[in-house]
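Take a look at the structure set out below.
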Amino acid sequence: MSNSRRNFLRDLAGSVRDVTAAAQPTAPRAPEPEPEPLEDTRLERYSRQLVLPEWSEAAQDALARASVLVLGAGALGSPVAMYLAGAGVGRLGIVDDDDVELSNLHRQLLHFTPDLGLPKAHSAAAKLGFLNPEVAVEPYQVRLDAGNAAGLLEGADLVVDCSDSFETRYAVNAACCAARIPLVEAGVLGTSGLVMGIRPGETACYRCAFPAPPPDAPSCATAGVLGPAAGVVGSLQALEALKLLAGLDGALLDAFLQVDLHDHTFLRVTTSRRADCPDCANL
Ligand SMILES: [Zn+2]
């Protein structure tokens, strides 16, 4: 982005602040302003990321053209979907077959108490529509499995797996490898989590890094999870999704990040493709 463009955006942000400060509660009611042209509105909405040296209008356009499938509208899916909608991803598919339960609300920030009993996919879509009406949000009240994965993934430029079971995780990895769709995997439990970016056929896939699920893996229902820990891991997952969509440097490829928030440890573990990987060896 040129310096003049960056200065324009900064001036724009400053003028909004000045107008807000100058407004008086006793001032005569002003006539309703004319709707701003879409381009100006978009520039203002995304101004704080457009001024970043690593971001650009080309990156913003790439995001607007992108279709992203978010699998799960829970603890990880909430921050992922909110940040991707806020950043301006063009189309967001939200896949979840559960209803909102009271035990979800301490960590699943897209759902509020009045949403109890509603399908999570629809509850999430409603909030995301308020957050950014420019984003086309499509709710899918269904659980992804090996049988329907290919159909759900069709047309997606990126998949973000926010599911909570190893069975789903491996099904998603296999389907993304088969369709060569980039994938961001993650999991969280207690105060620990893991994030991994995958470009099928180019970098290690989830099964390359973890050939088999751990035996007797606990779940959030039995082992518990702290809401902010899920928020941190989901935010990292959203960040990796933005890096892959916009082609930024520093993506977590051929590596995964192990996060332990009990003692604030972040460990980047290098991994590589396996010649015998059943999901990606033949790509
Ligand atoms: Zn693999």
Side-chain angles (χ1 to χ4, degrees), residues 35-36 38 41-50 55 59-101 104-144 152-164 168 172 181-186 188 195 227-228 230-246:
E36 287 185 325
L38 181 62
T41 309
R42 294 189 75 236
L43 281 172
E44 184 177 347
R45 180 182 287 275
Y46 305 120
S47 59
R48 299 307 194 273
Q49 63 196 36
L50 283 166
W55 204 256
Q60 196 64 52
D61 286 342
L63 227 58
R65 288 193 304 272
S67 176
V68 176
L69 198 65
V70 179
L71 303 174
L76 297 176
S78 288
V80 165
M82 291 169 83
Y83 279 124
L84 295 186
V89 167
R91 173 192 168 267
L92 272 180
I94 308 292
V95 180
D96 201 309
D97 72 332
D98 283 337
D99 294 337
V100 179
E101 299 177 6
N104 300 150
L105 302 186
H106 82 117
R107 68 192 188 283
Q108 302 186 12
L109 299 182
L110 271 174
H111 314 298
F112 309 147
T113 301
D115 301 319
L116 291 175
L118 295 178
K120 284 186 187 176
H122 293 281
S123 166
K127 313 307 189 320
L128 296 169
F130 284 125
L131 174 58
N132 191 347
E134 289 186 10
V135 179
V137 183
E138 298 173 4
Y140 298 95
Q141 196 180 349
V142 65
R143 176 171 291 268
L144 182 142
L152 280 169
L153 266 55
E154 196 173 334
D157 299 301
L158 178 83
V159 173
V160 188
D161 186 7
C162 304
S163 64
D164 56 1
T168 303
V172 171
I181 298 173
L183 166 66
V184 182
E185 271 292 349
V188 66
V195 184
V232 169
V233 175
S235 297
L236 289 168
Q237 204 175 8
L239 184 64
E240 289 310 306
L242 290 180
K243 287 180 185 175
L244 293 178
L245 288 167

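Bear in mind that the values here come from a model prediction, so they are computed numbers and not experimental data.
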Look only at the side chain of [X] and the backbone of [Y], and say whether a donor-acceptor pair between them is shorter than 3.5 Å.
| X | Y | value |
| --- | --- | --- |
| Ser163 | Gly72 | no |
| Ser123 | Pro119 | no |
| Gln60 | Ala87 | yes |
| Asp157 | Ser67 | yes |
| His111 | Ala73 | yes |

May I ask you to test the [X]-[Y] pair for a side-chain heavy-atom distance under 4.5 Å?
| X | Y | result |
| --- | --- | --- |
| Leu63 | Leu84 | no |
| Leu158 | Leu244 | yes |
| Leu239 | Val195 | no |
| Met82 | Lys127 | no |
| Thr168 | Leu71 | no |

- Nearest heavy-atom pair of Ala121 and Asp96: which atoms, and what distance?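 For Ala121 versus Asp96, the nearest heavy atoms are CB-O, 3.7 Å.
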| request: Kindly give the heavy-atom pair with the smallest separation between Ala156 and Leu69, and that separation in Å. | output: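 That closest heavy-atom pairing would be CB-CB, 4.3 Å.
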Partners meeting salt bridge (Lys or Arg N to Asp or Glu O under 4.0 Å) with Glu154 (sequence neighbours left out)
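For Glu154 there are no salt bridge (Lys or Arg N to Asp or Glu O under 4.0 Å) partners, ignoring immediate neighbours.
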